Amino acid sequence: MRIATWNINSITARLPRLLEWLSSAQPDVVCLQELKVAPEAYPEEALRELGYESVVNAGGRWNGVAVLSKVGVEDPVVGLPGAPEYEGAVEPRAAAATCGGVRVWSVYVPNGREVGHAHYAYKLEWLAALKETAAKSAPGALPFAILGDYNIAPTDQDVWDISLFDGATHVTPAERAALTALEDAGLAEVHPRALKYDVPFTYWDYRQLGFPKNKGMRIDLVFGNAAFGSAVKDSYVDREARKGKGASDHAPVVVDLEV
DNA sequence: ATGACCTTCAAGGAAGGA
């Protein structure tokens, strides 16, 4: 089984490239983030034509996630249990489904904006809620994974130049401690291989030739329980999908499982 | 070559991204 996660930065703008990638990469399950689409405008039919059912959590202009599956959708959940509100609203940042015997969550962790900003506190609260969900599902025999845009670089090597991140979000000890908390809950990171260069970055800023200069960050992550981890045969970042006109600023992370 | 921000909402520019 092939599972992928991809922040597509608007499913409307990215639909041609998404459909092309689905046809070539042939994933069975895909976790999408940053749909940036109203629920009624979600391209359900176009995805169904390629064989994918969707579990969608969309709220219009910002955020939005989905789980696509060719291998069935059971026990769908829309929204993270216990998720905090931001400015009085629960945002569409999580969706889950059991697909072909694997429980998957698609998550879009809040950005945080700046250390000390209300959005940063919100990010840490959101991650604390995510840990609770992880702790409930991790011990089971069912392969379980949380895939998505975590907006956290796990180590200093996961950004192109750590000296430029002094005081910035995405690399703070508190954010990284939230990843350690997921490990305490029984999950472990699935480390992808790079198709080029040493570090398999997953995000490159659109500005200032970020991608050609490989000024990237590894912030799209996969955390799985023991049953998931033991089924992993391969994982890589498909940086080819970041090339050319009309690309998302993130590349897909692909995980191949033997289940 | 991978190339110097992009997307949404809406009507011009703001907001968010990281």
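This is a predicted model, so every value here is computed, not measured. In what follows, every chain begins at residue 1, and chains take the letters A, B, ... in the order their sequences are listed.
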Quiz item: Heavy atoms under 4.0 Å, any strand shown: does A:N63 hit a base, just sugar-phosphate, or nothing?
Solution: nothing
Exercise. Assign A:E240 to base, sugar-phosphate, or nothing according to its heavy-atom contacts below 4.0 angstrom with the strands shown.
Key: nothing
Self-check item: Nucleotide B:dT8, atom P - distance to CH2 of A:W62 in whole Å
Solution: 10 Å
Exercise. Could you tell me whether A:Y108 contacts a base, only the sugar-phosphate backbone, or nothing, with contacts defined as non-hydrogen atoms closer than 4.0 Å?
Key: sugar-phosphate
Quiz prompt | Separation of the P atoms in B:dG12 and B:dT7, to the nearest angstrom | solution = 22 Å
Quiz item: Given B:dG17, B:dT2, B:dC6, which nucleotide is nearest the side-chain atoms of A:R14?
Solution: B:dC6
Quiz item: Quick one: which of B:dA4, B:dA15, B:dG17 gets closest to the side chain of A:L209?
Solution: B:dA4
Self-check item: A:Y206 side-chain N/O to B:dG16 phosphate OP1/OP2 under 4.0 Å
Solution: no
Quiz item: When rounded to the nearest 0.5 angstrom, what distance separates OG in A:S54 from OH in A:Y42?
Solution: 3.0 Å
Quiz prompt | Which residue lies more 5' along DNA chain B, comparing A:N9 with A:F165 via nearest heavy atoms | solution = A:N9
Exercise. Just call it for A:S248: base, sugar-phosphate, or nothing, with non-hydrogen atoms closer than 4.0 Å on any strand.
Key: nothing
Exercise. Can you establish whether the number of heavy atoms outside A:D161 located under 6.0 Å from its atom CG is more than 12?
Key: yes
Practice problem: Pick base, sugar-phosphate or nothing for A:K196, based on heavy-atom distances below 4.0 Å to the nucleic acid. | Solution: base
Quiz item: Is any side-chain N of the basic residue among A:R17 and A:E20 closer than 4.0 Å to the acidic one's carboxylate O?
Solution: no
Quiz item: Ion pair present between A:R2 and A:D256, side-chain N to carboxylate O less than 4.0 angstrom?
Solution: yes
Show every donor-acceptor pair shorter than 3.5 Å between a side-chain atom in residues 125-149 of chain A and any protein atom, with sequence neighbours excluded, or say none if there are none.
from	atom 1	to	atom 2	distance (Å)
A:D149	OD1	A:N151	N	3.0
A:D149	OD2	A:N7	ND2	2.9

Quiz item: In whole Å, what is the span from the CD atom of A:Q33 to the C1' atom of B:dG17?
Solution: 14 Å
Quiz item: Distance between the C1' atoms of B:dA4 and B:dA14, in whole angstroms?
Solution: 23 Å
Quiz prompt | Interatomic distance, A:E53 atom CD to A:K70 atom NZ [nearest 0.5 angstrom] | solution = 12.5 Å
Self-check item: Atom-to-atom span, CG of A:D249 to P of B:dT7 - whole angstrom
Solution: 9 Å
Practice problem: For A:Q208 and B:dG17, give me the distance from atom CD to atom P, rounded to whole Å. | Solution: 19 Å
Measure all distances between protein nitrogen or oxygen atoms and nitrogen or oxygen atoms of nucleotides 10-13 of chain B, and list the pairs falling under 3.5 Å.
none

Quiz item: Does B:dG16 have a Watson-Crick or wobble mate here (both distances under 3.5 Å), and if so which one?
Solution: B:dC6
Self-check item: Spacing between A:H117 atom NE2 and B:dA15 atom C1', to the nearest angstrom
Solution: 11 Å
Quiz prompt | Name of the residue among A:F165, A:F211, A:F201 meeting ring pair (Phe, Tyr, Trp, His ring centres under 6.0 Å) with A:W160 | solution = A:F165
Quiz prompt | Spacing of NE2 belonging to A:H191 relative to CG belonging to A:L221, to within rounding of 0.5 Å | solution = 9.0 Å
Self-check item: Nearest to side-chain heavy atoms of A:Y197, which nucleotide of B:dT2, B:dA15, B:dA18
Solution: B:dT2
Self-check item: Whichever of A:K245 and A:N111 has its nearest DNA chain B nucleotide further upstream toward 5'
Solution: A:K245
Exercise. Could you check whether A:N151 gets within reach of a base, just the sugar-phosphate, or nothing at all, counting any heavy atom under 4.0 Å?
Key: sugar-phosphate
Quiz prompt | B:dA18 OP1/OP2 closer than 4.0 Å to side-chain N/O of A:H250 | solution = yes
Quiz item: How would you label the contact of A:R113 with the nucleic acid (heavy atoms, under 4.0 Å): base, sugar-phosphate, or nothing?
Solution: sugar-phosphate
Quiz item: Which whole number of Å gives the distance between the P atom of B:dG16 and that of B:dA10?
Solution: 15 Å
Quiz item: Roughly, in whole Å, what's the span from CG in A:D205 to P in B:dC6?
Solution: 10 Å
Quiz item: Do any side-chain nitrogens or oxygens of A:S10 fall under 4.0 Å of OP1 or OP2 in B:dC6?
Solution: no
Practice problem: Between B:dT2 and B:dG13, how far apart are the P atoms? Round to whole Å, please. | Solution: 36 Å
Quiz item: Between A:F211 (CZ) and B:dA18 (C1'), how many Å, whole number?
Solution: 17 Å
Self-check item: Ring geometry between A:H250 and A:Y203 (parallel below 30°, tilted from 30 to 60°, perpendicular above 60°)
Solution: tilted
Exercise. For A:G244, report the nucleic acid contact type (base, sugar-phosphate, nothing); a contact means any heavy atom under 4.0 Å.
Key: sugar-phosphate
Quiz prompt | Gap between atoms NZ and P, on A:K123 and B:dG16 respectively (whole Å) | solution = 16 Å
Practice problem: From the options B:dG17, B:dA15, B:dT8, select the nucleotide whose nearest atom is closest to the side chain of A:R93. | Solution: B:dG17
